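Note sheet for the following structure.
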Amino acid sequence: MNDIKPIRIFMTGVGGQGTLTATTMLARTVLAAGLPVTSGEIHGMAQRGGVVESTVLIGCKSPKIGHGEADILLGFEPMETVRALPYLKRGGLVLSSTEFMPPLSVAMGKQACPSLDEIKTQVAACTDKAHYMNSQTIGIEAGAVQSGNIALLGALCATGALPFGPEALAATIKANLPAKLQAVNLKALELGVAALDA
Amino acid sequence: MAHSLLADAPGHIDLLLGNEAIVRGAVEAGLQVATCYPGTPSSEVPDTLFRLSPEARYSFEYSVNEKVALEVAGGATLAGALTLCTMKHVGVNVAADPLMTLCYTGTPGGLLLLSADDPGCHSSQNEQDNRYYARLAGMPVLEPSTAQEAKDMTRDGLLLSKKHGAPFMLRTTTRVNHLRGPVEFGPVPDPGKPDGFQRNPSKFVPIPAFSRPMHVALLERLEALRQEAENSPYNTVTGSGSLGIVCSSISRAYVADALAQSGLADRVKVLGLGFSHPLPETMCLDFLSSVSRLLVVEELEPILENDLRVLAQKNGLDVEILGKDVLPRCNEFTVSMVEDAICRLTGEAAPVRDACQPAALPMRPPNLCAGCPHRGSYFAARKVFGDDAIYSSDIGCYTLGLLPPLKAADFLLCMGSSISAGGGAALASGKTVLAFIGDSTYFHSGLTGVANAVFNKHDVLIVVLDNRTTAMTGHQPHPGVDKTILGDNDSRLDIEASLRGLGVTEVREVNPFNQKKTIAAFEELKTMKGVRALIAKEPCPLFTRRIYKKVAPQVAYVAESCTGRFECLDTLACPAMYRDGDHAAVNPILCNGCMLCLQVCGHIKAKKRGS
Ligand SMILES: Cc1ncc(C[n+]2csc(CCOP(=O)(O)OP(=O)(O)O)c2C)c(N)n1
Ligand code: SF4
Ligand code: SF4
């Protein structure tokens, strides 16, 4: 299995966003492509609005990604993208949502979120390979806000950074999601791919 | 069609969560009885076993706590059943008493104990290393590092346990329980009926005269199990070189990845121990003799390291052994950390690591959900008692009440400690003590605390935060629940009746969302002495949504008249509320319609959901 160049993908989001489903979809796509995969998730406090981190690793044995090890960082929320930057290899690929989910301290007016420009500056200090999209809005357009995660994943597949393209993810969605969720997620996938080109 | 985890489909490959793989392994062994108490990172094992139980051929129970789970499991295996018992690492503390004795009596039907450890404290109060328990009790240990191994080791651990009549420990860590990886399925046998009980008091009743020979028999079993470890496919030697590495558990994965990416695989010889106790001494000795330096890569305690030092010393081997002097004793490892250690020992330059360092951001700590009933209980308690009382807390979602503005947790020891430790704090401080305890925790180990407090005349106000479920770990059933995912609970225990049965005469029950009544009840109980109790009863809204498919028909909104005092935000910290310029506002999607905020400020009103 070790002729395969390892690819480590770190994903981060907020509890309740449905990021673990997206993680499993990606891991299943890797498996279906006949590649060695492990995936991991840390979700002790997922229900209660905390941070949810997950990983998909191609060609590795360990499910964990340490600081400076991720080839790809997928942020389902812009502040979480920045918070997870220490995991990214310098020069790695970032795909991030641009839509904030303010934590309590911000909602209560005690602290402020950074601006999107500040987010982009922080990311640019680590890598010049970054793509941004309003994935929640795309999700809503596709029919369910959670499908925004699939939009971001679709965009990732379309960058060419993975050993398969968006059609492989589409096949996983068809094979694994219940019929009523398929259309929404396939639509989100298509919109995500288009958003990358835009 | 049977659920895929139950199906006899040898050769089928699926992507499984480590905990699902454990379930599959147990099914492939012919599991007959499973007893569990939930706790992260083990909870998906019982939850999967429970969900599948209507179509499965094993008997399953959520026991009330870990001691009880292991005792039920112990009785089952003594009566010949192939038995699985699961818990998180601190659960083994609760179950330690029966565990020690089960290693003496042996387990004729087979018994595998899952101890799910949590290096890094992802969801626990400590990172204790339960491999020590295995040594203390005299238990063989299997430590998986992949989903496939989690499945295979569960199956083989159960079968080896039956073969030797010795309980086995499957010791996982959070990373293993919560990884996903491909698993190739094996055949599923018909579990048949348990062998039945064979009376033999000299083996099964540990009075001193019997215990002494039982201890001798235990040590003999361990020697036989050492032979199993010597021949186990889970213990492997790979590579070659003068630097040796011994590793176990998930560290085997870190070592494999570190060697692959450093390109040093041909200079290092690796002994991976998946069957790590009893130590395969011959194998280890051969390995130690074949290298000049040895690095032991194990998370947490230097257990293998110390075993190997003893082995080297006993055999007069002159090999340098390194472990905790190179790698940390706290927290988890990473591949980079292991790679750096290997580079240092092989004299190679470690890769430059300059991880990005973003500027500080607002934190995102977990918080009680919108519409959480615990918020109502804490809000009222603070209003009545302020900083004058001591708040003895316990383990569950409600521990999150620790955070400002509710600040309703002053100390906490372990599950079930709030009432007993609260009594101790009251007698030593002379202050009023409130002991908060969740309903699942109450049945887990609160009942004994109540009996003790009544008998010893402690002065403690018990507050049972009865949200009708075990919320923190994923809404598992407990004896008091009305309903589970499989239907009604027709053997429901009543908390109020149990409190009265244990001698608490002053018991009040309120809905914590009714602040007027909750505050009045607290005021009344404040004037009393001794053991008295308030039951704050209202279901967790997430549970209601999941089990009853219901949401509150109304939501809150902030009227135009809002004067911007923000008392609602400052005192409740409900995540559905936010500051919108000079006004407070409610996000109707997040609002669970508990109507607590309406009782804090008259400018907040209710409206029909969706209107
Ligand atoms: C000995 C032990 N077993 C299990 C756990 C895991 N655990 C943490 S909270 C909890 C249950 C809490 O349920 P409950 O008391 O009803 O409170 P809720 O979360 O519903 O508010 C469990 C089982 C633990 N921390 N310690
Ligand atoms: S899951 Fe339920 S009990 Fe736990 S914080 Fe949320 S609402 Fe409260
Ligand atoms: S009614 Fe008020 S306190 Fe309750 S969930 Fe809605 S906003 Fe929060």
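Since we're looking at a predicted model, the values are computed, not measured. Just so we're on the same page: letters track the sequence lines, and every chain starts at 1.
- Residue B:Leu368 does not touch chain A at all, counting heavy-atom pairs closer than 4.5 Å.
- Residues A:Leu74 and A:Thr12 are not in side-chain contact: their nearest non-hydrogen atoms beyond the backbone lie 4.5 Å or more apart.
- Here the side chains of A:Val30 and A:Val56 are in contact, with some heavy-atom distance below 4.5 Å.
- Exactly one residue among A:Leu186, A:Ile138, A:Ile150 makes a side chain to side chain contact (heavy atoms under 4.5 Å, CB included) with A:Leu191. That residue is A:Ile138.
- Of the listed residues (B:Thr473, B:Leu569, B:Val176, B:Asp354), the greatest number of heavy-atom pairs within a distance under 4.5 Å of chain A belongs to B:Asp354.
- Between B:Arg364 and A:Met101, the closest side-chain pair of non-hydrogen atoms falls below 4.5 Å.
- B:Gln476 and B:Thr469 share no donor-acceptor pair across their side chains, judged by distance under 3.5 Å alone.
- Contact annotation for B:Glu332: both backbone and side-chain heavy atoms come within less than 4.5 Å of a heavy atom of chain A.
- For A:Ser54, no part lies near chain B; criterion is any non-hydrogen pair under 4.5 Å.
- For A:Glu69 and A:Lys89, the salt-bridge test fails: no basic side-chain N is under 4.0 Å from an acidic carboxylate O.
- Residues B:Tyr398 and B:Cys372 are not in side-chain contact: their nearest non-hydrogen atoms beyond the backbone lie 4.5 Å or more apart.
- Proximity of A:Met11 to A:Thr55: side-chain heavy atoms (C-beta onward) are nowhere separated by under 4.5 Å.
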Query raised in the report: Yes or no on side chain to side chain contact (heavy atoms under 4.5 Å, CB included) for A:Val52 and A:Ile42, after CA distance, side-chain angles and deciding distance?
Result: CA-CA 6 Å; A:Val52 181; A:Ile42 290 295; over 6 Å; no
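- Highest contact tally toward chain A, considering only B:Ala573, B:Ala370, B:Pro365, is held by B:Ala573 [criterion: heavy-atom pairs under 4.5 Å].
- In this structure, no portion of A:Glu53 lies under 4.5 Å from any heavy atom of chain B.
- With chain B as the partner, the residue from A:Val82, A:Thr38, A:Leu88, A:Thr127 showing the most heavy-atom pairs under 4.5 Å is A:Val82.
- The choice from B:Gly18, B:Pro362, B:Pro182, B:Ala147 that makes the most heavy-atom pairs within less than 4.5 Å of chain A is B:Pro362.
- Contact of B:Ser336 with chain A is made through backbone and side chain together, with heavy-atom distances under 4.5 Å.
- Put simply, of B:Thr174, B:Asp570, B:Thr146, the one with the most heavy-atom pairs under 4.5 Å next to chain A is B:Asp570.
- Contact annotation for A:Gln111: only side-chain heavy atoms (C-beta onward) come within less than 4.5 Å of a heavy atom of chain B.
- With a 4.5 Å cut-off on non-hydrogen atoms, B:Asn177 does not touch chain A at all.
- Neither the backbone nor the side chain of B:Cys568 comes within contact range of chain A, judged by heavy atoms closer than 4.5 Å.
- Using a 4.5 Å cut-off between heavy atoms, B:Met363 contacts chain A through both its backbone and its side chain.
- Looking at A:Ala27, both its backbone and its side chain come within 4.5 Å of chain B, counting heavy atoms on both sides.
- Chain A forms more heavy-atom pairs under 4.5 Å with one residue of B:Asp580, B:Leu17, B:Ile13, B:Asp14 than with any other, namely B:Asp14.
- In this structure the side chain of A:Thr24 never reaches within 4.5 angstrom of the side chain of A:Ser39, judged on heavy atoms.
- Top candidate by heavy-atom pairs under 4.5 Å with chain B, chosen from A:Glu41, A:Lys64, A:Gln122, A:Met108, is A:Lys64.
- When heavy atoms are compared at a cutoff of 4.5 Å, A:Pro114 approaches chain B solely by way of its side chain, counted from C-beta outward.
- With a 4.5 Å cut-off on non-hydrogen atoms, A:Val106 touches chain B through its side chain but not through its backbone.
- A 4.5 Å side-chain heavy-atom check between A:Val184 and A:Leu181 finds every atom pair outside the cut-off.
- Both the backbone and the side chain of B:Leu15 come within less than 4.5 Å of a heavy atom of chain A.
- Contacts between B:Asn587 and chain A at a heavy-atom distance below 4.5 Å are absent for every atom of the residue.
- Here the side chains of B:Cys247 and B:Glu298 are not in contact, with every heavy-atom distance at 4.5 Å or above.
- In this structure, the separation between CG on B:Leu179 and CZ on B:Arg175 is 10.0 Å, given to the nearest 0.5 Å.
- Among the candidates A:Gly40, A:Ala112, A:Pro6, A:Pro86, the residue making the largest number of heavy-atom pairs closer than 4.5 Å to chain B is A:Pro86.
- Comparing A:His67, A:Glu80, A:Met79, A:Arg83 by how many heavy-atom pairs each has under 4.5 Å with chain B, the most go to A:Arg83.
- A:Phe10 CZ to A:Leu85 CG: the interatomic distance, rounded to the nearest 0.5 Å, is 10.5 Å.
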